[in-house]
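Quick notes on the structure that follows.
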Amino acid sequence: MSVQKPSIPKGTRDFSPLEMVRRNYIFDKIRKTFQLFGFQPIETPAMENLSTLLGKYGEEGDKLLFRILNSGDFLSEIKQSGITTENSKDIAPLISEKGLRYDLTVPFARFVVQHQNEITFPFKRYQIQPVWRADRPQKGRYREFFQCDVDVIGSDSLYNEVELVQITDQIFAQLQIPVKILINNRKILYGIAESIDAAEKLSDITMAIDKLEKIGLEKVKEELQQRGLPDKAIDKIIPVITLDSTICDKIDFLNAYFIHSETGRKGLEEISYLIEYLKGLELHNKFDFDIRLARGLNYYTGTIIEVKPLESSIGSVGGGGRYDDLTGIFGLPNVSGVGISFGADRIYDIMNECGLFPEVLQSTTKILFINFGTEEEKYCISLLSTLRASAIPAEFYPENAKLKKQMEYANRKNIPFVALVGKDEMESGSITLKDMKSGEQKAVSFEELKNVLLL
RNA sequence: GUGGUAGUAGCUCAGCAGGUUAGAGCGCCAGAUUGUGGAUCUGGAGGUCGUGGGUUCGAUCCCCAUCUUCCACCCCA
């Protein structure tokens, strides 16, 4: 048998100990913040039935779903159905009924419906798990990546939106990543579409204007034309999307603009409430009302939020919004939810790029005990137990190897202290403690040792 | 899914108008130093030149396919 070259699927990654310690640093900060606001954890399976996932993310989203081939004789269904077409679209549902989750929001909606009788509403949950997308990988874009979701379901109140912005602000402040929090409202976007008599073109309009900053006004006009918008409508939309002024001016402008759009006025009312609240808070990061913010996922109905890093090429590190009827498709209508999701992998990339990880994360063990032999081993093991009982990560080198090798081990693992306990130390009841950074070493008592390590 | 870019030692890269034993730096291993790591010195190991096919007397180099990376589009965390 020939030896095969080891490899992992495109767009997936292994994580080394150093990377994991750093990733956990991010997860810990996020998790603690979620908990601080009273959110509770849940987890859902990596795979869902395709019926749960399909049609929730738009046509593009369906294409990006990873599908799982049925087990066993997966062609049997096809034989029975007598289908002769070679069209993969017809065959796909017959040979695959499960898929990997694309995000955490839709599985959450499924969870809520399925467990509605056990849940106390409003239900505040957080969920930190990987998701999969069959996208073509790029920098900051992976096929397997972690999302950190917080959602409140079963409450219409805009107060929830306020807390979500607070959570966002606190998380990025803690991680020391400067961000801009952009907010908008789907009802405003609908209002705009309605005001130019193109309500049915809502998603075409939003997708086009979302790109304004990136491709410029002329290209946006072109795209709107291509998407079938009449020139008259385009002329009417230009002043809105090019509006570059203070939040108050934007609201005033839209108020006049939405004279014939009730939905638009409702959206304005909602965003005004949110903004007024946010102005009263002391946030670390800036927020802005961005009329152009659209967000692709088509289940959003109200507030939409996006988090953009100020000092990185990576576009977005988080996003979310309100969805009024996501549970409806699963049989639980009239339940509104709002949530936001943070991309842990992109956060990692940015922190790495900007050198934002604390240096202490380099070392996981505080002290290494040198192995001098069996006698010393027995003597040291109780010392180690005592240290560990005080929550000091400590290890004993498992082999009676050359001192050089053991010291090197400590050095590589960035262990800051080494304890040498041989015959001499056992007799005198002391410990020779070496500070690996300064190179200094001295004989100390066990109590002194503990005090040094607890610093 | 569309268009481009690159792939040579563990890492970063050199190389060749197609021609004998493919190099460097860093890293790794061993020794100088049997109770002391980082620095220095000495020696050593390590390559199907991404994979498969083709052209050729001969391919790491040219051609095709394929995989992977990065970039742009699409879309998105």
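Sequence lines set the chain letters: A, B, ... in the order given, protein chains first and strands last, and positions in each chain run from 1. Note that the structure is a prediction, hence the values are computed from the model and not measured.
A side chain to side chain contact (heavy atoms under 4.5 Å, CB included) with Ile304(A) is found for exactly one of Val338(A), Ile188(A), Asn184(A), Ile271(A), namely Asn184(A). Considering Asp435(A), Leu433(A), Val444(A) as possible partners of Val452(A), the one that fulfils the side chain to side chain contact (heavy atoms under 4.5 Å, CB included) test is Leu433(A).
Counting to the nearest Å, the C1' atom of rC74(B) and the CZ atom of Arg133(A) are 14 Å from each other. Atom pair Asp345(A):CG and rA77(B):P shows a separation of 13 Å (rounding to whole Å applied). In this structure, Asn371(A) places its CG atom 18 Å from P of rU34(B), rounding to the nearest Å. Residue Asp210(A) contributes atom CG, which lies 9 Å from atom P of rC75(B) at whole-angstrom precision. Atom-to-atom, CG of Leu175(A) to P of rA77(B) comes out at 19 Å; the value is rounded to the nearest Å. Separating the CZ atom of Arg101(A) from the C1' atom of rC76(B) is a distance of 17 Å, rounded to the nearest angstrom. Atom-to-atom, CD of Glu425(A) to C1' of rG35(B) comes out at 8 Å; the value is rounded to the nearest Å. When rounded to the nearest whole Å, the span between CG of Asp62(A) and C1' of rC74(B) equals 15 Å.
For rC13(B), the paired base is rG23(B) (Watson-Crick or G-U wobble, both distances below 3.5 Å). Within the shown strands, nothing qualifies as a pairing partner of rG37(B) under the Watson-Crick or G-U definition with both distances less than 3.5 Å. As the counterpart of rU68(B), rA6(B) is assigned, both hydrogen-bonding distances of the Watson-Crick or G-U wobble pattern falling under 3.5 Å. The base-pairing partner of rC28(B), taking Watson-Crick or G-U wobble contacts with both distances under 3.5 Å, is rG44(B). Under the Watson-Crick or G-U wobble criterion, with both distances below 3.5 Å, rU55(B) has no partner in any strand shown.
Across the C1' atoms, rG31(B) and rG23(B) are found 26 Å apart, a figure rounded to whole Å. To the nearest whole angstrom, the two C1' atoms, one in rU48(B) and one in rG53(B), are 15 Å apart. As rounded to the nearest Å, rG50(B) and rU8(B) have P atoms that lie 6 Å from one another. Between rA72(B) and rU5(B), the two C1' atoms lie 11 Å apart (nearest whole Å). The P atoms of rU36(B) and rG43(B) are separated by 25 Å, rounded to the nearest whole Å. Here, rC16(B) and rG4(B) have their C1' atoms 26 Å apart, quoted to the whole Å. For rA39(B) and rG46(B), the P atoms lie 25 Å apart once the distance is rounded to whole Å. Nucleotides rG52(B) and rC61(B) are separated by 12 Å at their P atoms, to the nearest Å.
By the 4.5 Å heavy-atom criterion applied to side chains, Met407(A) and Lys434(A) are counted as neighbours.
No donor-acceptor distance shorter than 3.5 angstrom exists from the side chain of Arg101(A) to the backbone of Glu48(A), with no hydrogens or angles considered. Remark: the backbone N or O of Asn285(A) is paired with a side-chain donor or acceptor of Asp169(A) at under 3.5 angstrom. Listed for the Asn371(A) side chain is a donor-acceptor partner under 3.5 Å among the backbone atoms of Gly373(A). For the pair Arg227(A) (side chain) and Ile205(A) (backbone), a donor-acceptor distance under 3.5 Å is absent.
Between Phe342(A) and Phe172(A), the ring planes lie perpendicular to each other; the angle is over 60°, past the 30° to 60° tilted range. Under the 30°/60° scheme for interplanar angles, the aromatic rings of Tyr25(A) and Phe357(A) are found to stand perpendicular. Relative ring orientation between Tyr57(A) and Tyr102(A) is described as tilted, the plane-to-plane angle lying within the 30° to 60° band.
At the heavy-atom level, Glu306(A) lies nowhere under 4.0 Å from the strands shown. Residue contacts for Gly422(A): at a heavy-atom cut-off of 4.0 Å it reaches a base atom on one of the strands shown. The residue Gly439(A) sits close to a base: some heavy atom pair falls under 4.0 Å. At the heavy-atom level, Lys211(A) lies under 4.0 Å from the strands shown only through sugar-phosphate atoms.
A salt bridge links Lys124(A) and Glu163(A); the closest N-O separation between the charged side-chain nitrogens and carboxylate oxygens is under 4.0 Å. Note on Arg31(A) versus Asp28(A): salt bridge recorded, some NZ/NE/NH1/NH2 to OD/OE distance being below 4.0 Å. Here Asp288(A) pairs with Lys250(A) in a salt bridge; the nearest charged N to carboxylate O distance falls below 4.0 Å. A salt bridge links Arg292(A) with Asp290(A): the distance from a Lys NZ or Arg NE/NH1/NH2 to an Asp or Glu carboxylate oxygen falls below 4.0 Å. Between Lys56(A) and Asp103(A) there is no salt bridge, since no side-chain nitrogen of the basic residue lies less than 4.0 Å from a carboxylate oxygen of the acidic one.
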List, with names and distances, any nitrogen or oxygen atoms from the protein found under 3.5 Å away from nitrogen or oxygen atoms belonging to nucleotides 6-11 of chain B.
none

Distances for protein N or O near nucleotides 65-71 of chain B N or O, under 3.5 Å:
unit_1	atom_1	unit_2	atom_2	d
rU69(B)	OP1	Gly11(A)	N	3.0
rC71(B)	OP2	Lys139(A)	N	2.1

Pairs: protein N or O with nucleotides 29-32 of chain B N or O, under 3.5 Å:
unit_1	atom_1	unit_2	atom_2	d
rC29(B)	OP2	Arg412(A)	NH2	3.3
rG31(B)	OP1	Lys402(A)	NZ	2.7

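In this model, no side-chain donor or acceptor of Glu60(A) finds a partner on the base of rG1(B) within 3.5 Å. Remark: the Gln441(A) side chain and the rU36(B) base include a donor-acceptor N/O pair separated by less than 3.5 Å.
If you find the closest nucleotide of RNA chain B to Gly319(A) and to Asp435(A), the one lying nearer the 5' end belongs to Asp435(A). RNA chain B is contacted by both Met407(A) and Ser316(A); Met407(A) maps to the nucleotide lying nearer its 5′ end (nearest heavy atom per residue).
rA77(B) has Phe145(A) stacked on its base ring, the centres lying under 5.5 angstrom apart and the planes within 30 degrees of parallel.
Residue Gln147(A) has its side chain nearest to rA77(B) when only rU36(B), rC75(B), rA77(B) are considered. Residue Arg346(A) places its side chain closer to rA77(B) than to any other of rC75(B), rU36(B), rA77(B). Minimum atom distance to the side chain of Lys214(A) is reached by rC73(B), of the listed rG37(B), rC73(B), rU36(B).
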